[in-house]
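These numbers come from a predicted model, not from an experiment. Each chain gets a letter, A, B and so on, in the order its sequence line appears, and its residues count up from 1.
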Protein chains: 2
Amino acid sequence: MNSTQKKIIEAAEIEFADHGFGGASIREITRRADVNIAAINYHFGSKEDLFKEMVRYRIDPINEERLALLDQAEESNKAKPVPLEEIVDIIVRPLLNKLISEDQAGVHFLRAMGKGMGEEQSFMKDLFEDCMQEVLRRFIQALSFSLGKPSFAKVVYGMHFLACAMLGAMLQHTRLEYMGQGKIDTGNVEELVDQLVAFISGGLKAMVNMPSKTDTR
Amino acid sequence: MNSTQKKIIEAAEIEFADHGFGGASIREITRRADVNIAAINYHFGSKEDLFKEMVRYRIDPINEERLALLDQAEESNKAKPVPLEEIVDIIVRPLLNKLISEDQAGVHFLRAMGKGMGEEQSFMKDLFEDCMQEVLRRFIQALSFSLGKPSFAKVVYGMHFLACAMLGAMLQHTRLEYMGQGKIDTGNVEELVDQLVAFISGGLKAMVNMPSKTDTR
DNA sequence: CAAAAATTCAAACAATCGTTTGATTTAAAC
DNA sequence: GTTTAAATCAAACGATTGTTTGAATTTTTG
């Protein structure tokens, strides 16, 4: 990955974050990256391939880190389940840590990815399935074990809410500023993640402990 | 609101849901609504005004319902705080109930609105501030009271996570199908809301009970 | 029924979209 | 230093974007 491609990726993160995949403009990306209009098609093939490359470039290392941390946690807990907070932390922290970086590129990436996940582009579903398949499988299993193997439906709802809360935090991080009336330090990602992990873990436990009318295992 | 305007609004919900505000096409909306291309500018003024109208048309009654329910709950609890689950339920249920409707229009509206909230269009921030200001104020106050008046930061984080989880559920409702491998009845909104309310309430309590390093009230 | 207002229509507006082309410049290989 | 290959460039491609226009049509009013 040469400097031109890097410049394009960084500009793409900002544009995709601001306007989504469909709304972002190739011309605006190249203008921001200070490269020629044809550079994107030359280096990446198409706008679609650029988006895919942008996602994989950032998300693959994060998922590797997640799996390694889960391996490590499962090993140190022997045959016992990994504590819930630990699992949630491993899912959330490596990703949301991208909210801090000297050039703010991570913030843009998270917003761009969050926005992409909501789009109806047909290639998106494939992209995220490719990226997340193994991670999803492993963490659903770990969560189920840690929660005492509740019904399949509960685990799915739980994983869903976990992803929703995390996705929302990615997309709406800037809203903290407005809601907090400037009294919240939005740069304190450590604090944000701590609170979010507590929120999600507590939520999962409460959900599992609640009796469900239509529950079958 | 005549039949042409109604047809346009319904078509707009689908298009905005699928492609976001920036990605949606006026031509596609009018084609789907089976009206002339000029109808949108004639009846609404602009694409932007159409989006605003679409949001207010659906969200204003929901917010009125929320405030009425909160009034009622506060009255029946005298000077005591309203139970947390009840408050969360009032925020979540009137909105997510839109996930069910014979013509699925509600699903599209929720996705369209969720997607819009993430966009950087300058008019969006104003629109949502106008819509949500009073509701936010009232429910932040009720939540704070019900949670035992924790620090301002905790309440803000809590309200933020609540909104994030709800937003995610709106945006990603169809993902339940995929994650649940077809074994989850995605049409069972009652069940979804029950689980979500339990998740959010449990999350909020856990968050408030967790000691915070940088906590000041 | 006639006059007036409201609505619908096809056509065109300038602007922008993603992509391609072919020439030109820069870098690498021998 | 000459030859290949890689990269950058301005220009143009056809298609689509949101919006406007002015005539034709429908609906309402007196």
Query - Partner residues of A/D60 under the salt bridge (Lys or Arg N to Asp or Glu O under 4.0 Å) criterion, sequence neighbours left out - result: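 Checked A/D60 against salt bridge (Lys or Arg N to Asp or Glu O under 4.0 Å); matches are A/R56.
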Query raised in the report: salt bridge (Lys or Arg N to Asp or Glu O under 4.0 Å) with B/R93: which residues, sequence neighbours excluded?
Result: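 Testing B/R93 for salt bridge (Lys or Arg N to Asp or Glu O under 4.0 Å), a comparison that skips the adjacent residues, returns B/D89, B/E190, B/D194.
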Report task. By nearest nucleotide on DNA chain C, pick out whichever of B/S3 and A/R31 is the more 5' one. Result ->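 Counting from the 5' end, the first nearest nucleotide belongs to B/S3.
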Considering only NZ, NE, NH1 and NH2 on the basic side and carboxylate oxygens on the acidic side, decide whether [X] and [Y] come within less than 4.0 Å.
| X | Y | value |
| --- | --- | --- |
| B/R58 | B/E53 | no |
| A/K115 | A/D18 | no |
| B/K7 | B/E10 | no |
| B/E129 | B/K125 | no |

Query - is_close_aromatic(B/F21, B/F123), centroid dist under 6.0 Å - result: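 That pair passes the under 6.0 Å test.
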Report task. For residues A/F161 and A/F199, establish whether the separation of their ring centroids is below 6.0 Å. Result ->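 Between A/F161 and A/F199, the centre distance exceeds or equals 6.0 Å.
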Report task. Examine C/dT7: is either OP1 or OP2 under 4.0 Å from a nitrogen or oxygen in the side chain of B/T4? Give yes or no. Result ->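 Looking at the OP1 and OP2 atoms of C/dT7, neither is under 4.0 Å from any side-chain N or O of B/T4.
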Report task. Go through the steps to decide whether B/T4 and B/H43 satisfy the test side-chain contact (heavy atoms from CB on, under 4.5 Å), and finish with yes or no. Result -> CA-CA 9 Å; B/T4 300; B/H43 284 288; 3.9 Å; yes
Report task. Using whole Å, report how far CG of A/N2 lies from C1' of C/dA28. Result ->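 Atom CG in A/N2 sits about 14 Å away from atom C1' in C/dA28.
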Requested in this report: Measure the distance from CZ on B/R27 to P on C/dA12 and round it to the nearest whole Å.
Outcome: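 Atom CZ in B/R27 sits about 13 Å away from atom P in C/dA12.
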Query raised in the report: How do B/G22 and A/D34 order along DNA chain D: which one's closest nucleotide is nearer the 5' end?
Result: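 The residue whose closest nucleotide sits nearer the 5' end is A/D34.
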Query raised in the report: Hey, where on DNA chain D does chain B first and last touch, going 5' to 3'? Cut-off is any atom under 4.0 Å from a heavy atom.
Result: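 Contacts span D/dT17 to D/dT21, reading 5' to 3'.
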Query raised in the report: Less than 4.5 Å apart, any side-chain heavy atom of B/K47 and any of B/F51?
Result: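 With C-beta onward as the side chain, the pair stays apart.
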Between side-chain atoms of residues 61-70 of chain A and protein atoms elsewhere (two or more places apart, or another chain), which donor-acceptor pairs fall under 3.5 Å?
from	atom 1	to	atom 2	distance (Å)
A/N63	OD1	A/R66	NH1	2.8
A/N63	ND2	A/C131	O	3.2
A/R66	NE	A/I91	O	3.1
A/R66	NH2	A/I91	O	2.9

Query - Each stem that DNA chain C is part of, given as range with range (3 or more consecutive Watson-Crick or G-U pairs, under 3.5 Å) - result: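 Counting only runs of 3 or more consecutive pairs, the stems involving DNA chain C are C:4-26 with D:5-27, C:28-30 with D:1-3.
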Query raised in the report: Among residues 36-46 of chain A, which contact DNA chain D at a heavy-atom distance under 4.0 Å?
Result: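 Heavy-atom contacts with DNA chain D come from A/N36, A/A38, A/Y42, A/H43.
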